Amino acid sequence: MQWITTELGEEFVLGALELERTPQGLLPHRLTARARAQNTDSRLAMAETQPSGVRLAFRTESTAIELDTHRAKVGYAGMPPLPDGVYDLVLNGRPGGSATVSGGDELILDMMTGEGETRPGPPGTVQFSDLPSGSKDVEIWLPYNETTRLVALRTTAPISPLPRARRVWLHHGSSISQGTGAAGPARTWPVLAAAAAGVDLVNLGFGGSALLDPFTARALRDTPADLISVKLGINVVNADLMRLRAFGPAVHGFLDTIREGRPDVPLAVISPWLCPIHEDTPGPGTPDFSTGTLRFKATGDPAAVAEGKLTLKVIREELARVVRDREDPALHYVDGLSLYGEEDFAAHPLPDSLHPDAAAHRSAGERFAKQLFGDGGPFAS
């Protein structure tokens, strides 16, 4: 088999805001260098290098593909190893298989202290073989939960960039938007919604870090997009970051910044999905290992809501009020309970009390596509 090696760059790597060439390979970033320079949170620094929504995209007649990557896999001290990150192959818009890669660095985090230890490892190779003959559009979706440096792409036939004629949907949210709980990177709820709607996704979902940071708002403002959505609230509650007095003005400021660069783009504000531990109980949220598995619990005092502490019910009311008060005809409120609510929780409980499972990702993606992109929806073409 004769392999052809193609140097990767912006024409083949979609969904990233910037690409950084490092000694270990090409690193996709989901925040700009300016935003990264202003960030002081190690959790966000890690999340923005985990390439949720980032994919290699090209047209080729190749019947086999090899991709060398250098990953950084996360593990938790005292817990069994997490499953390997998944690479999803999509051929002509349809699932074409999944694979994992070995090797790479391992970052062991202590969930109680936040400290971590890195154990270095070598690059690995993900392989897809026995592909159908003839010309085809190929997408390789990178793991949403592993920092991934792209080392080399090999095919058995030349590749060419895919045409980019579709609308661009720019989305920001929390770990659920990043993909936690999904079966693979092409099966997170934003990717499924984008596929159903026929749009190109840029996903700025950051685990634990949808916190109304001004630098994130500026990144959204400065990224070309035809449609924008922001899913806000859950991280503000489980981080116990602010009180009601600060939250409303912070949301206004976040939206003001986006509107500075995208004054007329359809913009959706999505409130939190159902999460029983935080519906009536404020944060902070904390890991709970008492059952031998990782779960989360809320540690705030429900009585403190009267003093301005935030719960998900308070957040939903406040987000609806902010959207209503702005009188922006291109601004729309989406109730997160319409994507995952009481009936969904009964059928598919949150496995760790905080994040959904793969079935919930599927149903939420389908509902979002129908509600937002369907006939009469605010994102309809």
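The structure presented is a predicted model; accordingly, all values stated were derived computationally and were not measured. Positions are given from 1 along the sequence.
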Novice: Using 4.0 Å as the upper bound for N to carboxylate O, is an ion pair formed by Glu106 and Arg71?
Specialist: no
Novice: Less than 4.5 Å apart, side chain to side chain, heavy atoms only: is that true for Leu131 and Lys136?
Specialist: yes
Novice: Between Arg21 and Glu7, does at least one N-O distance fall below 4.0 Å, as a salt bridge requires?
Specialist: yes
Novice: Assess whether a salt bridge exists between Asp280 and Lys313, defined as any Lys/Arg side-chain N lying under 4.0 Å from an Asp/Glu carboxylate O.
Specialist: yes
Novice: Please determine, by modelled atom types, if Asp68 and Thr125 share a side-chain donor-acceptor pair under 3.5 angstrom.
Specialist: yes
Novice: Taking everything shown except Lys297 itself, do over 12 heavy atoms lie less than 6.0 Å from its NZ?
Specialist: no
Novice: Transitively linked via ILVMFWY side-chain contacts under 4.5 Å: Phe215 with Leu170?
Specialist: yes
Novice: Would you mind telling me which of Arg55, Arg164, Arg167 makes a salt bridge (charged side-chain N to carboxylate O under 4.0 Å, His left out) with Asp200?
Specialist: Arg55
Novice: Has Arg245 got more than 12 heavy atoms of other residues, nucleotides or ligands less than 6.0 Å from its CZ?
Specialist: no
Novice: If I compare all heavy atoms of Ala182 with all of Arg187, which pair ends up nearest, and what's the gap?
Specialist: CB-O, 3.5 Å
Novice: Would you check, one step at a time, whether the test salt bridge (charged side-chain N to carboxylate O under 4.0 Å, His left out) holds for Glu279 with Arg316?
Specialist: CA-CA 10 Å; Glu279 291 296 319; Arg316 293 189 194 100; 2.8 Å; yes
Novice: Can you tell whether the side chains of Asp256 and Arg326 come within less than 4.0 Å, N to carboxylate O?
Specialist: yes
Novice: Taking all heavy atoms of Ser209 and all of Asn235, pick out the closest pair and write down the distance.
Specialist: N-OD1, 3.0 Å
Novice: Give a yes or no on whether a salt bridge exists between Asp105 and Arg119, defined as a side-chain N under 4.0 angstrom from a carboxylate O.
Specialist: no
Novice: Would you say the side-chain atoms of Asn238 and His278 include a donor-acceptor pair closer than 3.5 Å?
Specialist: no
Novice: Salt-bridge test for Asp264 and Arg259: reply yes if a basic N is under 4.0 Å from a carboxylate O, no otherwise.
Specialist: no
Novice: Is it true that Val237 and Ile270 fall in one hydrophobic cluster, defined by side-chain heavy atoms closer than 4.5 Å?
Specialist: no
Novice: Please check: side-chain N/O of Thr299 versus main-chain N/O of Pro284, any donor-acceptor pairing under 3.5 Å?
Specialist: yes
Novice: Is a side-chain N or O of Arg218 found less than 3.5 angstrom from the main chain of Asp213, in a donor-acceptor match?
Specialist: no
Novice: Same cluster or not: Trp169 versus Val265, using hydrophobic residues (I, L, V, M, F, W, Y) connected whenever any side-chain heavy atoms lie under 4.5 Å apart?
Specialist: no
Novice: Indicate the ring-plane relationship of Trp189 and His171, choosing parallel, tilted or perpendicular according to the 30° and 60° boundaries.
Specialist: perpendicular
Novice: Could you tell me whether the side chains of Ser62 and Thr156 share a donor-acceptor contact shorter than 3.5 Å?
Specialist: yes
Novice: Is the closest basic N to carboxylate O distance between Arg221 and Glu260 below 4.0 Å?
Specialist: yes
Novice: Show your working on salt bridge (charged side-chain N to carboxylate O under 4.0 Å, His left out) between Glu18 and Arg34 and close with a plain yes or no.
Specialist: CA-CA 11 Å; Glu18 292 182 354; Arg34 178 186 179 188; over 6 Å; no
Novice: In a check of side-chain hydrogen bond (donor to acceptor under 3.5 Å, both in side chains) between Lys73 and each of Asn145, Asp84, Thr147, which one passes?
Specialist: Asp84
Novice: Before we go on, tell me: are the rings of Phe345 and Trp273 under 6.0 Å apart, centre to centre?
Specialist: no
Novice: Looking at Gly121, is its backbone amide N or carbonyl O close enough to the side chain of His70 to form a donor-acceptor pair, meaning the two atoms are under 3.5 Å apart?
Specialist: yes
Novice: So does Pro158 get a backbone contact from the side chain of Thr60, meaning a donor-acceptor N/O pair under 3.5 Å?
Specialist: yes
Novice: Considering only NZ, NE, NH1 and NH2 on the basic side and carboxylate oxygens on the acidic side, decide whether Arg367 and Asp344 come within less than 4.0 Å.
Specialist: yes
Novice: Under a 3.5 Å cutoff, is there a donor and acceptor pairing between the side chains of Glu146 and Gln50?
Specialist: no
Novice: Which atom pair, heavy atoms only, marks the closest approach of Gly173 to Ser177?
Specialist: CA-OG, 3.6 Å
Novice: Between the side chains of His355 and Ser175, is a donor N or O closer than 3.5 angstrom to an acceptor N or O?
Specialist: yes
Novice: For the residue pair Leu31 and Leu17, what are the closest heavy atoms and their distance?
Specialist: CA-CD1, 4.0 Å
Novice: Inspect the surroundings of CG in Asp375 and state if more than 12 heavy atoms from other residues, nucleotides or ligands are less than 6.0 Å away.
Specialist: no
Novice: With the threshold set at 4.0 Å, does a side-chain nitrogen-carboxylate oxygen contact exist between Asp137 and Arg59?
Specialist: yes
Novice: Are Pro356 and Ile176 packed together at the side-chain level, in the sense that at least one heavy-atom pair is separated by less than 4.5 angstrom?
Specialist: yes
Novice: Quick one about Tyr87 and Thr69 (side-chain donor to acceptor, distance below 3.5 Å, no hydrogens or angles considered), yes or no?
Specialist: yes
Novice: Got Leu232 and His172 here, is their nearest side-chain heavy-atom distance under 4.5 Å?
Specialist: yes
Novice: Identify whether Tyr333 and Ile228 are in the same connected component of the hydrophobic contact network (ILVMFWY, side-chain heavy atoms under 4.5 Å).
Specialist: yes
Novice: I'd like to know if Arg166 and Asp226 make a salt bridge, using a cut-off of under 4.0 Å between side-chain N and carboxylate O.
Specialist: no
